[in-house]
Amino acid sequence: MATVASRSRATAPPGPGYKWIALSNTTLGVLMATINSTILIISLPAVFRGIHVNPLHSGQTSLLLWILMGFNVATTILLVSFGRISDTYGRVKLYNLGFLVFTLGSILLFLTPGKGTAGEWELIIFRFIQGIGGAFLFANSAAILTDAFPPNERGFALGLNQIAAIGGSVIGLVVGGLLSAVDWRAIFLVNVPVGLFGTVWAYIALRELATTREAKRIDWVGNLSFALGLMGVMLGLTYSISPYKSHAMGWHNPFVITSLIVGIVLLIVFVIVENFVPDPMFHMSLFKIRAFSIGNFTSLMGAIARGGLSFMLIIWLQGVWLPLHGVSFAHTPLQAGIDTIPQMAGFLVFGPVSGRLSDRYGPRWFATIGMLVSAIGFFLLNTLPADFHYWTFAFFIFIVGAGMGLFASPNTSAIMSAVPPRYRGAASGMRATFMNAGMMLSMGIFFTMVISSLTTGLPTTITKGLSHFALPPVVIAHLAHLPPLDVLFAALLGYNPLKMLLSQTAAGRLLLAHMPKAQVATLTSPRFFPHLISHPFMDALRVVFMFAAAMTLLSAILSVFRGERFIYEEHAAGMAGTPSATPTASRLSVGSVLLALSAVWMAKDGVRPDAPPEREQQLRRSLTLLALALGHPTAAVPTWTTDDLTRIAESSDRPIASDPRSP
């Protein structure tokens, strides 16, 4: 009985306010998941202190990267598969499961029992569990909203949902700074009550509006080739930024080269396979819809431009700018989160506005202008010095956030409105995969650019900076050739590697003991190391900002070609059994009006009290056709074409009004 009751509740017709329930619940789920994706960036010092790990010791760099990126890797790999499964078994049902799995992962992270390396591995595994739940949430939220909202309101609804997704990554920085000052476990505990509430609320309130597809054979070849291929690329990019033997980066590591080659080959196999299997995981035919394909490719380029931005800004603030202004390393996480609030404000202000306006005027120009505004913001960030004036910095990141807000709402609405309803789960997963993959690629590309630049400029800068101290040339040479990735993470985590390396050995402590006290105080002060690396770091950061500006500019150019407003309607497609997309507004010709009048004339006896039900229904359809022909579409009845009218007219022995052969 309980099963029958729950099933009837899930499929019961929604009330007039259901769309707002769907919007608020899916926005809560996406917000929670995206906050979690960045909350660790700013909380890492507290986490490593809590599990008693020194992140600068040998072998810790790779584990640190997986703690940061494990959630996004798991989410990106599983998104499309979960979207495809949701189309078969129900979007709401699997969305609810995502809330539950995510909450379970948060509880496990909060209870992490291990210390040292064991604690790191536990964090990585539990973050993967969170990522599985996040994949269910991301794969279904946009599809649930598209089902719940009419076409003229989807831009606003999907815009708010996307602002929550993008803004959540910024909010995570602030929340992480606040909670890490209390206790490192609090950054995971905060998800638990929200997740439990969201799980219960989604189970009670959400309804399955979409018609689930018939369960067919799972595309195992497609699923495995996609998951393994994407994993190979992610592994290669992750380890490419780690030092390998005497090299500052891992591009000489056979494991990196092999992972990338195997990953790319498997992804090529995946694309080929998906064009031939009867029920593919990734519907390649959807890319024939211009609004869908251009929307996803512009989203990919936008994600590549902004994905690593938060990380770079946090390293800049937490490792360089704040220490230079006398903020202690104990308070830099919270202050860095607060300092990035203007970027979030730009998202929140312009996202909903853009969504509303794109519902009325179409998405093309709002998405295009959004990317252009972001490109301007990245170019302006490129002009800042290492020790900038804060309000100038705040205005520039506000511009970047405003541009991304302008872009996100109309672009998501254009993608989801252009696909057939029965493919919305898969399309939502594909859209989120493009975005998440872009953000992962962004991390790898940004780090590669920064570390490549630091490899050239950092040794000379450190050698010149330390030459003023009473240090042996051998020690200076050793310190000058520290791995750039270690230097970056030292800046992020608030460590002074010069002080640590000199004080952790007996020889180093002896060396410090024989140096003048004034030099020791300067060398180990909180400001010396940030000041020392600031100039080469800014040179590297400018390369990143110009790359991001170029990507957003290319995205804006591509966005121009997405076409006018385009919304899928299943009318003739439903009759033919194949997908078809048509513009929303179409007015039939004068000949069609005459044909509609003929159809009404043929069915006029349907008004008689004794008319059979079939005749009465034919009259109703004929009147609806006439309304459509006159330019007054009726949403409750499917649209018929001129061919349909002709077929009906020809089935009667009465003459067709528009036929010139008629007497």
Side-chain angles (χ1 to χ4, degrees), residues 42 44-46 48-49 52-61 64 242-243 246 248 312 314-336 385-388 450-451 453-541:
I42 209 160
L44 280 176
F48 280 112
R49 286 194 299 268
H52 307 303
V53 167
N54 182 349
L56 299 183
H57 282 175
S58 176
Q60 296 296 326
T61 303
L64 185 150
S242 300
S246 60
M312 293 297 133
I314 291 303
I315 294 176
W316 191 5
L317 291 170
Q318 198 166 322
V320 177
W321 189 78
L322 289 172
L324 289 178
H325 287 256
V327 180
S328 67
F329 284 118
H331 297 97
T332 52
L334 174 59
Q335 189 61 48
D387 190 8
F388 52 80
V450 169
I451 293 172
S453 181
L454 288 177
T455 302
T456 304
L458 195 60
T460 303
T461 301
I462 292 180
T463 301
K464 184 178 179 180
L466 296 181
S467 63
H468 303 291
F469 296 87
L471 292 171
V474 176
V475 175
I476 294 177
H478 174 68
L479 295 175
H481 289 85
L482 289 171
L485 186 62
D486 290 353
V487 173
L488 277 182
F489 281 125
L492 173 66
L493 300 174
Y495 289 86
N496 185 340
L498 305 180
K499 179 180 179 180
M500 291 183 62
L501 290 173
L502 291 174
S503 61
Q504 69 183 0
T505 63
R509 289 191 292 270
L510 182 63
L511 184 62
L512 289 175
H514 287 83
M515 288 178 62
K517 291 184 178 181
Q519 288 193 6
V520 173
T522 301
L523 187 66
T524 59
S525 68
R527 297 189 183 189
F528 177 74
F529 180 67
H531 177 74
L532 184 65
I533 69 170
S534 61
H535 292 293
F537 177 69
M538 284 307 302
D539 290 339
L541 206 56

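For the numbers below, each heavy atom of this structure counts, side chains included, while hydrogens, waters and symmetry mates do not.
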Legend entry - Side chains of Leu458 and Ile533 in contact at under 4.5 Å (non-hydrogen atoms): yes
Legend entry - Euclidean distance, Leu466 CG relative to Leu532 CG, rounded to 0.5 Å: 6.0 Å
Inset, instruction - Working to the nearest 0.5 Å, report the span between NE2 of His514 and CD of Gln519. - result: 14.0 Å
Inset, instruction - Flag the pair Met312 / Val450 as yes when at least one side-chain heavy-atom distance between them is below 4.5 Å, and no otherwise. - result: yes
Inset, instruction - Look at the rings of Phe469 and Phe528 and say which category their plane angle falls in: under 30° parallel, 30 to 60° tilted, over 60° perpendicular. - result: perpendicular
Legend entry - Any side-chain donor near an acceptor of the partner, His325 and Asp387, under 3.5 Å: yes
Inset, instruction - Return the minimal non-hydrogen interatomic distance between His481 and Pro459, and the atom names on each side. - result: NE2-CB, 4.4 Å
Legend entry - Ser467 (side chain) donor-acceptor with Lys464 (main chain) under 3.5 angstrom: yes
Inset, instruction - Applying ring pair (Phe, Tyr, Trp, His ring centres under 6.0 Å), run through Trp321 and Phe537 and close with a yes or a no. - result: CA-CA 11 Å; Trp321 189 78; Phe537 177 69; over 10 Å; no
Legend entry - Straight-line distance of Ser534 OG to Trp316 CH2, nearest 0.5 Å: 11.0 Å
Legend entry - Nearest atoms (heavy-atom pairs only) where Asp539 meets Ser453: C-OG, 4.0 Å
Legend entry - Nearest-0.5 Å distance that lies between atom CG in Leu317 and atom CG in Leu324: 11.0 Å
Inset, instruction - For residues Thr522 and Ser525, report the shortest heavy-atom separation together with the two atoms involved. - result: O-OG, 2.9 Å
Legend entry - NE2 on His478 to CG on Leu471, rounded to 0.5 Å: 12.0 Å
